[in-house]
2 protein chains.
Amino acid sequence: MEKRRLILDAAVRVFARKGYHTSRVGDIAEEAGIAHGLLYHYFSSKEQVLETVFRENWSELLAAFARIEDSDEPASDQLDGIVKVLLRSWRNAPDLVRVMVREVARSPHLQGQVDEIREGFVTIQRVIERGQAEGSFRADLDARLASWIVYGSLEELLTGWVLGQLPDGDEDVAHAEATVLTFVQTALAADGRA
Amino acid sequence: MEKRRLILDAAVRVFARKGYHTSRVGDIAEEAGIAHGLLYHYFSSKEQVLETVFRENWSELLAAFARIEDSDEPASDQLDGIVKVLLRSWRNAPDLVRVMVREVARSPHLQGQVDEIREGFVTIQRVIERGQAEGSFRADLDARLASWIVYGSLEELLTGWVLGQLPDGDEDVAHAEATVLTFVQTALAADGRA
DNA sequence: GACGGCGTTGACTGTCCGTTCAACAGCGCA
DNA sequence: TGCGCTGTTGAACGGACAGTCAACGCCGTC
């Protein structure tokens, strides 16, 4: 396997296990099975490793969002799709979610990527606005704020799983997904119950 | 003023400005106007300073929650009250919220306080359950998950303000508050529109 | 079989910073 | 006046750790 990817994968595991600050460069190297000097052949610093992990994976998420947005489903189905993608990421890649939630999301580190995070919000916002325009979502709610509220709900559930405070068995996750979907769709629906 | 409090207040400002990890003990001491050695007369470590900041302020928040819960208002008003207390904390003590959101909330640091954080969730959960029992909230939503969703919404708005991504003028904050209230009450209401 | 360059190694450096500690100042008390 | 206690100081220590670098192995090329 390509060494660069090897290092990134190792970094995700190590960061997930010990947290970014407590992880030493040597830990990552050891996990990847290389000498720690080599890491500097592929990355300029420890921080750049974290940044790369974030950037490459977040952009995948954005791509998934974009595919959903570009589909011809009604807005409310698109919103469901986004919710599902985000929540299911926990079972798909728990280590990655751990790192994203704990180290990057509201990170004291790295300023630049704030814009990239925001792009996810904006997608949600656009979907909500389309729903409002189509008449399926109530139009009296600020779509931007609503997108933050929706995203916050999802991130908090992920956090609950990350911190081990919410049960995350198969049915638990499915149940959480169903609950958010009902919650959000009810709140946004143009007419009474969703 | 009592030196201990002086140090804590200085620490909040410094942590808010530079983040916990990037803040040196000397920075806190300088901000407090003392020699850095003195800090160890009052606290056993830099980490304990952060922990104390969290503990003492979070317990105040829990007390506010408890007062609301013990009032004889209907559950839906109590929930409104909780939302308002949390959101208004931003204008009341922005530095504190900065530290709480960025350093403590899903912290790689300090494990013990997870239980204290959880107590806030449980209060929200109880209020929701009471509303369900009273018949004003729909009973088919899992109250525990709903409490996480509600809290997540609020924390995300605070985060938006902390990171400077959401406008936080007087009217902006009021508008955000109104939006969350509508969103949450609509989602939870037993019958159609809130 | 010399050459060169890419990939790889790991000892070493330099620095940063949390923490310690010996000394001291002020003050109440006897 | 002397004793001791609490509060206070800042120089010094120690250890950790990110990042450097000189050397080396391997492999293709001429």
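Within every chain, numbering begins at 1; the chains are lettered A, B, ... in the order of the sequence lines, protein sequences first and strands thereafter.
If you check every strand for non-hydrogen atoms under 4.0 Å, B/Y42 touches sugar and phosphate atoms only. B/S23 comes within 4.0 angstrom of the backbone, heavy atoms only, and of no base.
B/R5 CZ: 12 or fewer foreign heavy atoms inside a 6.0 Å radius.
Under a cutoff of 6.0 Å and an axis angle of 45°, B/K46 and B/Y40 do not form a cation-pi pair.
Residues A/I68 and A/Q78 approach most closely at O-NE2, 3.2 Å, considering heavy atoms. Nearest heavy-atom pair across B/L87 and B/E177 is CD1-CA, 3.7 Å.
Rounding to whole angstrom units, NZ of residue A/K46 and P of D/dA18 are separated by 5 Å. With rounding to whole Å, A/D27 atom CG is found 13 Å from D/dA16 atom P. Counting to the nearest Å, the P atom of D/dG7 and the CD atom of B/E2 are 10 Å from each other. Atom CZ of B/F43 and atom P of D/dG7 are 13 Å apart (whole Å).
Counting 5' to 3', DNA chain C first comes under 4.0 angstrom of a heavy atom of chain B and last does so at the ends given by C/dC17 to C/dT20.
Look at B/R55 and B/E51 and you find a salt bridge, because one of the NZ, NE, NH1 or NH2 atoms lies within 4.0 Å of a carboxylate O, short of that distance. In this structure, B/R98 does not pair ionically with B/E103, as no charged nitrogen and carboxylate oxygen lie closer than 4.0 Å. Look at A/R130 and A/E69 and you find a salt bridge, because one of the NZ, NE, NH1 or NH2 atoms lies within 4.0 Å of a carboxylate O, short of that distance.
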Below 3.5 Å between N/O atoms, which protein atoms pair up with nucleotides 9-11 of chain D? Just atom names and distances, please.
unit_1 : atom_1 : unit_2 : atom_2 : d
D/dT9  : OP2    : B/A35  : N      : 2.9
D/dA11 : N6     : B/H36  : NE2    : 3.0

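A/S153 and B/S153 share a donor-acceptor pair across their side chains, judged by distance under 3.5 Å alone.
Checked by atom type and distance alone, the side chain of A/T123 pairs as donor or acceptor with a backbone atom of A/E119 at under 3.5 Å.
The shortest distance between side-chain heavy atoms of A/H21 and A/F15 does not fall below 4.5 Å. Side-chain contact between A/T159 and A/L166: absent, with no pair of heavy atoms (C-beta onward) separated by less than 4.5 Å.
Within residues 5-13 of chain A, no residue approaches DNA chain C, by heavy-atom distance under 4.0 Å.
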